[in-house]
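Working notes, beginning with the structure itself.
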Amino acid sequence: MENSTIPISNSQLAFTVLLVLITGSISSVLRLGLLKPLIWGTVRTFVQLTLVGYALTYIFKINNIWLIILIVTVMCYIASKTAAGRTPNVPDHPLVLSFLSLMASTYLVGSVVTLLIISPDPWYSARIVIPIFGMILGNSMNGIALSLDRLYSEARTRSAEIETLLTLGATPWEAIRDSVKEAVRAGMTPTINSLMVVGLVSLPGMMTGQILGGADPREAVRYQIVVMLMITAAVAICCLIMVGLSHKKLFNRDGALQPFVLQSRK
Amino acid sequence: MLFSFNNITYTFGPGHSNQIKVSGSLAGGEVLVVRGPSGAGKSTLLRVLSRLQPCLSGEGFLNGESWLQMPGSIWRASVHYIAQKPAVFDGTVADNLVKPFEIRAVNGKKAFDPGLAKALMEKLLLASGLWNQDARTLSGGEVARLAFVRALLIEPQVLLLDEPVAALDDKSRKAFYSALSDWLTGLNRGAVLVSHNNDDLEFLHRVSYLDLANRQEGA
């Protein structure tokens, strides 16, 4: 009995409204103006997660490989849209490039994890693939947004140096190399930092979920190690592909900097 | 002919509202002085000639070879532009002088010669004590001369100089022009110069002029 989930009944779930009331009263007493977004957010949380719950139950049951590929691809698309929108320094939202780099890194790292490390039966088991690929995507999405934004802001602040390198005969890659390094570093730093403190400050969400679900903490920890390292690898690959593909957009056909890099940010 | 440009049409000024068409040429050992009032597109012309900025039409030639036949990076190493306020890289003055030799287009041609670098610095009145100084702490006049030394070391054929002496005092201005004249005596070298101070030109031997006085409005 000890090793199983304690189910939350409908009436128990209804008590969470109490929590919303607490947040709501703080918002209205202090006039934070957060009441409307709070209510809307609460409704969305209930609706979205309930739907996802039903959808996942269905998807796990039929467990069709093509459906799984379709779902992961749609997840990549949504993640790339979100990432591309979070880059204030980038003038044209690079949707195609972020989609390509997210697809490449997610499928590569995700396949390594599901095929070699967890190896469920069948290997494409939706119960494993969808949460694993989802975690990879969530983190890679933040990584590419950070690194892409950094690439453009570095190029702007260093434009005089980059142009000087160009006048000395540098190819675009030679001129932008230092900025590329900084950009990849910026994308990877949060993930590397989280490796340092994991388990000390808070328990990661996945591990907490497993433990609440009745899993042995020692088992949950092993999963968490796989997840942390897989996220790190995916973020590194993703940032590298993203920055590697998009640095060319800073240059014109003559290998000179595009005018927008030399002008003030609009 | 060392260097020439035919019917280069380019835009400049606020919102690219001005358009101009120019041609010019440069024989070995010669300096082409670009004259005109402020806002006549002199600096932009130098940037266009170095292919840092695209032009609408026209063609540049180096030793008779069109720039259409050459990658931008190779062209720029030979037709080298020095900005009015040149950039310095992180590190010492020495690091700044070595930096170009990390670039393949330059590195393939020759290796860094510290002796030559020090001799050029001395010629431009840059004290030898500057060698190990942080380049970011140099004055404007020192940076201008450092950029000139850095340019000569990579052995370009054409120098595009945008007001190179604007930040220099009389003494270092003379030193600059004397170093430029010495450099021009080498085989197949020339310079395109934008300068507001016509008195300086007495230091140069063979000078021709390009006037950008006629401002054409509209595109």
Side-chain angles (χ1 to χ4, degrees), chain A residues 89-92 147 150-189 240 243-266, chain B residues 11 14-16 44 46-55 60 67-68 70-91 96-109 135-136 143 146-147 150-151 153-156 158-162:
Chain A
N89 281 305
V90 187
D92 48 338
S147 63
R150 177 62 74 86
L151 176 69
Y152 278 67
S153 71
E154 280 281 318
R156 274 211 175 84
T157 46
R158 292 186 188 210
S159 59
E161 279 170 67
I162 294 172
E163 280 211 325
T164 303
L165 282 168
L166 291 175
T167 64
L168 293 164
T171 58
W173 169 248
E174 286 173 319
I176 198 84
R177 199 165 38 195
D178 287 343
S179 307
V180 164
K181 277 193 215 163
E182 282 305 314
V184 175
R185 193 203 310 272
M188 288 182 63
T189 302
L240 201 63
V243 172
L245 289 176
S246 49
H247 83 267
K248 293 198 175 109
K249 287 180 128 187
L250 297 164
F251 296 90
N252 66 16
R253 268 190 305 174
D254 274 348
L257 277 178
Q258 296 280 14
F260 74 84
V261 184
L262 301 167
Q263 293 157 0
S264 307
R265 208 177 109 186
K266 286 196 183 94
Chain B
T11 57
H16 292 273
T44 309
L46 294 193
R47 290 175 57 83
V48 168
L49 293 180
S50 74
R51 291 171 72 185
L52 277 180
Q53 204 165 310
C55 56
W67 66 14
L68 300 172
M70 256 187 258
S73 55
I74 303 293
W75 174 269
R76 282 186 287 266
S78 295
V79 182
H80 177 69
Y81 164 75
I82 303 182
Q84 197 174 346
K85 287 180 180 161
V88 290
F89 306 111
D90 279 336
N96 267 267
L97 295 175
V98 179
K99 185 87 175 177
F101 295 89
E102 292 165 9
I103 295 167
R104 218 172 354 142
V106 174
N107 202 7
K109 255 192 329 195
R136 301 258 183 221
V143 168
L146 171 65
R150 189 167 62 188
L153 288 175
I154 67 162
E155 296 187 349
V158 177
L159 282 173
L160 306 172
L161 304 165
D162 193 356

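Chain A is the first sequence line, chain B the second, and so forth, proteins listed ahead of strands; every chain is numbered from 1. These values consider heavy atoms only, across backbone and side chains, with no hydrogens, waters or symmetry-generated copies.
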Which region of V79(B), side chain (C-beta onward) or backbone (N, CA, C, O), has a non-hydrogen atom less than 4.5 Å from a non-hydrogen atom of chain A, or is it both or neither?
neither

Sorted by chain and residue number, the side-chain hydrogen bond (donor to acceptor under 3.5 Å, both in side chains) partners of S78(B) (sequence neighbours excluded) come out as none

Heavy-atom pairs under 4.5 Å with chain B - which of A256(A), P172(A), P259(A), G169(A) has more of them than the others?
G169(A)

To the nearest 0.5 Å, what is the distance between CG on L168(A) and CG on L153(B)?
10.0 Å

Run the side-chain contact (heavy atoms from CB on, under 4.5 Å) check on K99(B) and T164(A) step by step: do they pass?
CA-CA 11 Å; K99(B) 185 87 175 177; T164(A) 303; over 6 Å; no

Max heavy-atom pair count under 4.5 Å with chain A, selected residue of H80(B), R76(B), R150(B)
R76(B)

Heavy-atom contact with chain A under 4.5 Å, split by part of L52(B):
both

Those residues that, when tested against R150(A), pass side-chain hydrogen bond (donor to acceptor under 3.5 Å, both in side chains) (two or more places apart)
none

A quick test of your reading: do over 12 heavy atoms of other residues, nucleotides or ligands sit less than 6.0 Å from CZ of R185(A)?
no

Which bit of E174(A) comes within less than 4.5 Å of chain B, counting heavy atoms only: side chain, backbone, both or neither?
side chain

With R177(A), which residues qualify under salt bridge (Lys or Arg N to Asp or Glu O under 4.0 Å), at least two apart?
none

Who in residues 246-255 of chain A is close to chain B, using a strict under-4.5 Å heavy-atom cut-off?
N252(A), D254(A), G255(A)

Looking only at heavy atoms, which two atoms of S73(B) and A170(A) are closest? And how far apart?
CB-O, 3.5 Å

Between W67(B), Y81(B), F89(B), which residue shows the highest count of heavy-atom pairs closer than 4.5 Å to chain A?
F89(B)

Proximity breakdown for I162(A) and chain B, heavy-atom pairs closer than 4.5 Å
neither

